[in-house]
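One structure is given below, encoded as structure tokens.
Values in this document were obtained by computation on a predicted structure and should not be read as measured data.
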Amino acid sequence: NNVTRVFNTPIGTRSQATDISVGPKITADPDNVQRFARIIKHEDKRMNDQVEKVLQISRIEKGNFEIKKERVDLKELLPPLLGGITVRAEECGGELHSRMPEGALTLNADPVHLSNILHNLLDNAVKYGGNNPEITIGGRRKGDQFYMYVADEGPGISKEHQDHLFEKFYRVPTGDVHDVKGFGLGLFYVYQIGRAHGWTIRVESKEGEGTTFHLRMPLLAVDKPAAANVG
């Protein structure tokens, strides 16, 4: 039921936009044509993203997904992600703050999966960060470990729901509010990919005081080659 509802939403929006866009009043106005074309493109991307997320979870459950680790500088990986999230936060009347330390942050990680889990955490922060989401991403070095966090100042999550956040299909109940769409697969994916890398992830939240997700990841020495492996 959850999966069906999530697919029906972009399909319905796309279908409606398509029907309207071929009307004579719309086709006569180039600006309106562009507007509805952007809506259709956005909904196509939403469907593609959801399909990919389901496929990723399927691979994880079957045990045939690959973790292709390589030397990754987190400081080089982040800018494209932060650019997109900054735009989304600003569209919602919010802001994204970066509190990353100076210098390279070199990890032995799969860059695709690392990008995906950070995008999931940042995307959730925007979705659940309240009406004007104030999002902060940052971290600190401690020895050979990097402690990273993604925080929002939203309504927070009660303890009873925190215990289930990383379960497949689990979504925190929002009463009669249905404006946040999703499968409840994002944090399940984050947890599974983190575990496959040997990272730890935990959530810290209080109702009315926001939510912070913490990641602990080993750092590579600057002159130490990354071990090639497939997990």
Side-chain angles (χ1 to χ4, degrees), residues 6 9-10 12-14 16-17 20-21 29-50 52-53 72-102 105 111-140 146-157 165 171-172 174-175 177-187 189-190 201 203-215:
V6 172
T9 299
T13 303
R14 187 188 190 283
Q16 185 178 31
I20 296 172
S21 68
D29 185 340
D31 289 339
N32 274 329
V33 172
Q34 288 296 317
R35 174 172 168 249
F36 281 98
R38 286 193 295 270
I39 292 172
I40 293 167
K41 183 177 181 180
H42 174 73
E43 297 304 324
D44 280 345
K45 184 178 185 304
R46 282 183 65 192
M47 285 191 288
N48 287 333
D49 289 346
Q50 300 292 8
E52 181 59 30
K53 189 170 290 184
V72 178
D73 185 349
L74 187 59
K75 299 291 281 294
E76 295 179 359
L77 187 82
L78 277 176
L81 289 174
L82 300 187
I85 295 297
T86 296
V87 171
R88 287 197 52 215
E90 290 175 349
E91 287 176 346
C92 298
E95 195 172 359
L96 174 65
H97 310 274
S98 179
R99 302 284 187 265
M100 303 298 288
E102 296 293 329
L105 297 168
V112 174
H113 285 299
L114 176 56
S115 294
N116 286 342
I117 67 172
L118 294 178
H119 180 272
N120 274 317
L121 293 175
L122 290 164
D123 185 58
N124 272 4
V126 174
K127 287 180 179 177
Y128 299 101
N131 293 329
N132 306 106
E134 293 293 323
I135 314 302
T136 303
I137 181 170
R140 62 184 177 88
F146 182 60
Y147 294 82
M148 188 174 186
Y149 66 88
V150 174
D152 67 62
E153 298 179 11
I157 304 167
L165 282 179
R171 300 187 69 206
V172 176
T174 55
V177 179
H178 301 291
D179 56 339
V180 179
K181 306 297 182 183
F183 285 140
L185 293 177
L187 291 178
Y189 172 78
V190 168
I201 180 169
V203 62
E204 179 182 5
S205 184
K206 290 184 179 180
E207 289 185 87
E209 298 183 17
T211 300
T212 303
F213 286 91
H214 299 270
L215 271 169

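- When the options L114, N120, N116 are evaluated for a side chain to side chain contact (heavy atoms under 4.5 Å, CB included) with L118, the one that passes is L114.
- The distance from the CG atom of L215 to the CD1 atom of I201 is 4.5 Å, given to the nearest 0.5 Å.
- The structure places CG of D123 at 11.0 Å from CG of L81, a figure rounded to the nearest 0.5 Å.
- H97 contributes atom NE2, which lies 12.5 Å from atom CD1 of I137 (distance to the nearest 0.5 angstrom).
- Counting heavy atoms from C-beta on, the side chains of I157 and Y128 never come closer than 4.5 Å.
- Among residues two or more places apart in sequence or in another chain, the side-chain hydrogen bond (donor to acceptor under 3.5 Å, both in side chains) test is passed with H119 by none.
- Contact detail for T212 and A151: the closest heavy-atom pair is OG1-CB, 3.4 Å.
- Between the D73 side chain and the L105 main chain, a donor and an acceptor come within less than 3.5 Å of each other.
- Interatomic distance, OG1 of T136 versus CG of L122, reported as 10.5 Å (0.5 Å rounding).
- Between the side chain of S205 and the main chain of G210, a donor-acceptor pair closer than 3.5 Å is present.
- Listed here is the closest heavy atom pair of C92 and N132: O-ND2, 3.5 Å.
- M148 places a side-chain heavy atom less than 4.5 Å from the side chain of M100.
- Residues V150 and T211 have side chains not in contact (no heavy-atom distance under 4.5 Å, counting atoms from C-beta outward).
- Inter-residue side-chain proximity for D152 and P133 is flagged as unmet; no heavy-atom pair is nearer than 4.5 Å.
- The shortest heavy-atom contact between E95 and A89 is N-CB, 4.0 Å.
- The closest side-chain heavy-atom distance from E209 to E204 is not below 4.5 Å.
- Residues forming a side-chain hydrogen bond (donor to acceptor under 3.5 Å, both in side chains) with E153 (at least two apart in sequence, or on another chain): none.
- Heavy-atom contacts from other residues, nucleotides or ligands closer than 6.0 Å to NZ of K75 number more than 12.
- Residue L82 comes nearest to S98 through the heavy atom pair CD1-OG, 4.3 Å, listed as atom of the first residue, atom of the second, then distance.
- Two residues are said to be in side-chain contact when any heavy atoms from C-beta on lie closer than 4.5 Å; L187 and F213 meet this criterion.
- Side-chain contact check for R140 versus Y149: every heavy-atom pair is 4.5 Å or farther apart.
- Applying the side-chain hydrogen bond (donor to acceptor under 3.5 Å, both in side chains) rule to N124 yields no partners; only residues at least two apart in sequence or on another chain are considered.
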